[in-house]
Amino acid sequence: QVHLVESGGGLVQAGDSLRLSCAASGRAFSRIAMGWFRQAPGKEREFVAAISWNGVTTNYPDSVKGRFTVSRDNAKNTVYLQMNSLKAEDTAVYFCAGDRGLDRLNPPFRVYDYDYWGRGTQVTVSS
């Protein structure tokens with residue numbers, strides 16, 4: 001079992017940067033891929049970033065590639081999402097999630113691949 005708590009959201013202007021953190025508890029954390037998703041009002045939850053259990057492999061959709069960077073520190077049980085050059089369309093509630101499988105080298109990008117979810121943190125980008 002893995003418990004996740006996100007932090008770091010807030011209100012920023014377009015072009016600014018934010019770093020989100022996801023603190024995890026549970027012994028399985030260091031063996032599972034971690035993902036970030038976001039959900040805007042009236043829209044489905046969408047994939048933002050994912051990182052393998054060992055931090056070697058990352059995945060991003062085209063919408064954030066080159067602007068967002070996911071990283072993890074297994075010693076601190078924490079995953080990060082660095083967001084640069086923020087746009088108004090990045091406004092959403094951001095969730096971190098833990099993979100349902102262990103030791104997956106290619107981190108998944110689908111919502112149903114993740115069993116553990118935080119409660120989310122709001123990111124608002126004003127244009």
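Only a predicted model underlies this, so the values are computations on that prediction, with no experimental measurement involved. Atom set for the values below is all heavy atoms of this structure, side chains included, hydrogens, waters and symmetry mates excluded. This chain uses plain numbering: 1 for the first residue, then up along the sequence.
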Rounded to the nearest 0.5 Å, what separation is found between the [atom1] atom of [X] and the [atom2] atom of [Y]?
X      : Y      : atom1 : atom2 : answer
Gln82  : Leu20  : CD    : CG    : 9.0 Å
Arg119 : Cys96  : CZ    : SG    : 13.0 Å
Lys65  : Thr58  : NZ    : OG1   : 9.0 Å
Ser127 : Leu86  : OG    : CG    : 12.5 Å
Ser85  : Asp16  : OG    : CG    : 9.5 Å
Arg100 : Tyr112 : CZ    : OH    : 9.0 Å

* Under 3.5 Å: donor-acceptor pair, side chain of Arg67, backbone of Ser63 ->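 It does hold such a pair.
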Heavy-atom closest contact ([X] atom, [Y] atom, distance):
X      : Y      : answer
Gly26  : Asn77  : O-ND2, 3.9 Å
Ser21  : Thr78  : CB-CG2, 4.3 Å
Asn54  : Ser52  : OD1-OG, 2.7 Å
Ile51  : Ser71  : CD1-CA, 3.6 Å
Ala50  : Pro108 : CB-O, 3.4 Å
Tyr114 : Gly35  : CE2-N, 3.4 Å

* Would you please classify the geometry between the Trp117 ring and the Phe37 ring as parallel, tilted or perpendicular, with 30° and 60° separating the classes? =>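 Rings of Phe37 and Trp117: tilted, 30 to 60°.
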* Asn59 side chain reached by Val70 side chain, heavy atoms, under 4.5 Å ->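 Contact flag for Val70/Asn59 side chains = no.
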* To do: Step by step, work out the side-chain contact (heavy atoms from CB on, under 4.5 Å) result for Val93 and Thr121.
  => CA-CA 5 Å; Val93 177; Thr121 184; over 6 Å; no
* Glu89 atom CD: more than 12 heavy-atom contacts under 6.0 Å ->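 Above 12, so yes.
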* Asked: Which pairs count as ring pair (Phe, Tyr, Trp, His ring centres under 6.0 Å) when at least one residue sits in residues 49-74, sequence neighbours excluded?
  ->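 Every pair satisfying ring pair (Phe, Tyr, Trp, His ring centres under 6.0 Å) with a residue in residues 49-74: there are none.
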Taking a hydrophobic cluster as the set of Ile, Leu, Val, Met, Phe, Trp and Tyr residues connected by side-chain heavy atoms closer than 4.5 Å, whether directly or through intermediates, do [X] and [Y] fall within one such cluster?
X      : Y      : answer
Val125 : Trp36  : yes
Phe29  : Leu102 : yes
Val123 : Val64  : yes
Val111 : Phe95  : yes
Val48  : Tyr80  : no

* Asked: Under the criterion side-chain contact (heavy atoms from CB on, under 4.5 Å), which of Asp99, Leu81, Val79 is the partner of Met34?
  ->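 The passing option is Val79.
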* salt_bridge(Lys87, Asp90) N-O dist < 4.0 Å ->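 No, no charged N to carboxylate O under 4.0 Å.
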* Passing candidate, side-chain hydrogen bond (donor to acceptor under 3.5 Å, both in side chains) with Tyr94, options Arg38, Gln39, Glu6 ->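 Between Tyr94 and the candidates, side-chain hydrogen bond (donor to acceptor under 3.5 Å, both in side chains) is satisfied uniquely by Arg38.
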* To do: Name all residues meeting the side-chain contact (heavy atoms from CB on, under 4.5 Å) criterion together with Ser30; count only those two or more places apart in sequence or in a different chain, and write none if there are none.
  =>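 Applying side-chain contact (heavy atoms from CB on, under 4.5 Å) to Ser30 gives Asn74.
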* **From CA spacing to verdict: side-chain contact (heavy atoms from CB on, under 4.5 Å), Thr91, Gln122** => CA-CA 8 Å; Thr91 295; Gln122 176 70 47; 4.1 Å; yes
